[in-house]
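Down below is the structure, laid out as structure tokens.
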2 protein chains.
Amino acid sequence: MSVTPAPETTDQTHRDSACAAADPRIDALVTELIGRVADKWTMVLLELLEERGEMRFTQIARAVPGISQKMLTQTLRRMERDGMVCRTVHAVVPPRVDYRLTSLGESLGEAFCGVWLWAEQHLARVEQARREFDER
Amino acid sequence: MSVTPAPETTDQTHRDSACAAADPRIDALVTELIGRVADKWTMVLLELLEERGEMRFTQIARAVPGISQKMLTQTLRRMERDGMVCRTVHAVVPPRVDYRLTSLGESLGEAFCGVWLWAEQHLARVEQARREFDER
DNA sequence: CCGTATCCTTGCCGATACTG
DNA sequence: CAGTATCGGCAAGGATACGG
């Protein structure tokens with residue numbers, strides 16, 4: 001994303017009414033982080049690991065139908081890099097690798113929990129809105 | 001996404017510990033909804049409209065550097081279809097179109113607020129985790 | 001079992017041009 | 001001003017094969 005400072009001469013009322021950062025540079029960084037973290041598979045894995053605790057690779061793969069092995073590896077690596085999950089390799093044959101959430105990952109999971117709850121609660125309303133919109 | 005019921009014979013402990021639905025079919029629908037709603041631009045527009053209240057098309061475009069006109073239209077349409085935003089066309093020349101959050105959109109914005117706060121609070125920690133991971 | 005490497009298709013998204 | 005339409009590049013992501 002291009003990170004233009006955005007002079008913004010227009011209407012500044014309503015500013016600071018919600019949860020935005022004051023500094024536009026911070027805002028841009030946060031936006032970038034949100035963009036990476038609010039990925040579909042990241043949210044799903046976060047949820048799964050929060051529910052089940054420690055899991056191994058194939059166990060996760062089986063629990064998430066629709067994900068390819070590539071995407072799973074990729075997402076787990078990114079989450080590990082971001083400090084969300086901890087990866088433990090056991091030196092046995094056949095190899096065994098366990099994944100679990102770090103405290104950072106857990107805290108993000110809790111933050112997303114509100115979104116999951118929202119989705120569950122308002123699912124019917126969204127579907128109805130779509131039907132109404134589509135018949136036009 | 002393929003919506004396999006997933007028999008899941010394995011470990012069911014930890015189940016219902018978090019915020020997941022009991023029914024895997026509901027779970028799949030919620031996951032689909034999350035996938036659509038957790039889009040980067042959706043989150044940004046939600047945030048923006050929550051902060052600023054009613055805004056017109058170009059005003060939004062100027063406030064969100066990096067978004068193309070196409071993506072803006074597309075995202076706004078999808079949000080309108082999902083019942084998140086209300087679109088008001090004023091019959092004047094030059095044309096004027098206002099966008100504002102519906103109560104549904106506002107509630108989603110509040111749910112995401114937790115994620116924004118998390119991102120602001122833990123940004124430094126994530127960046128540090130990345131640096132540590134990268135030097136290996 | 002747990003990955004990485006490679007190819008290859010699909011569709012996203014930006015750029016541009018055009019209407020009401 | 002607020003869009004729709006069309007084209008093209010490019011990168012995300014699936015399928016497959018192979019390595020530790």
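The chains referred to below are lettered A, B, ... by the order of the sequence lines, with proteins before strands, and numbering in each begins at 1.
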For Arg62(B) and dA2(D), is the shortest distance between a side-chain N/O and OP1 or OP2 below 4.0 Å? no

Quick check on dG3(D): is either OP1 or OP2 less than 4.0 Å from any side-chain nitrogen or oxygen of Tyr99(B)? yes

So do Gln69(B) and Phe57(B) actually touch side chain to side chain, heavy atoms under 4.5 Å? yes

Answer yes or no: is there a side-chain heavy-atom contact under 4.5 Å between Val126(B) and Leu33(A)? yes

Between C1' on dT4(D) and CZ on Phe57(B), what's the gap in Å once rounded to a whole number? 11 Å

Rounded to whole angstroms, how far apart are NE2 on His90(A) and P on dC2(C)? 10 Å

Atom-to-atom span, CG of Asp98(A) to C1' of dC2(C) - whole angstrom: 12 Å

Let me know the distance between CD of Gln59(A) and P of dC2(C), rounded to the nearest Å. 9 Å

For dA2(D), does OP1 or OP2 lie under 4.0 Å from any side-chain N or O of Arg87(B)? no

Considering only heavy atoms from C-beta outward, does the side chain of Val64(B) approach that of Trp41(B) to under 4.5 Å? yes

Given the structure, check if the side chain of Gln69(A) and the base of dG14(D) hold any donor-acceptor pair shorter than 3.5 Å. no

Please give me every residue in residues 71-79 of chain A whose heavy atoms get under 4.0 Å of an atom in DNA chain C, ordered by residue number. Thr73(A), Arg77(A)

Does the side chain of Arg96(A) come within less than 4.5 Å of Thr88(A)'s, by heavy atoms? no

Under the side-chain contact (heavy atoms from CB on, under 4.5 Å) rule, what do Asp82(B) and Arg130(A) come out as? Steps first, then yes or no, please. CA-CA 5 Å; Asp82(B) 288 348; Arg130(A) 286 181 185 173; 2.7 Å; yes

Return the value, rounded to whole Å, for the distance between atom CZ of Arg96(B) and atom C1' of dA2(D). 13 Å

Rounded distance in Å - NZ (Lys70(A)) to C1' (dA12(D)): 7 Å

Decide yes or no for Arg81(A) and Asp134(B): does some side-chain heavy atom of the first lie under 4.5 Å from some side-chain heavy atom of the second? yes

Do we see a donor-acceptor contact under 3.5 Å between the side chains of Ser103(A) and Arg125(B)? yes

Could you tell me how far apart Lys40(A) (NZ) and dC12(C) (C1') are, to the nearest whole angstrom? 15 Å

Between Thr58(B) and dA2(D), is there a contact of a side-chain N or O with OP1 or OP2 at under 4.0 Å? yes

Please state whether the phosphate of dC1(D), meaning OP1 or OP2, lies under 4.0 angstrom from any side-chain nitrogen or oxygen of Arg56(B). no

Atom CG of Asp39(A) and atom C1' of dA12(D): how far apart are they, to the nearest Å? 11 Å

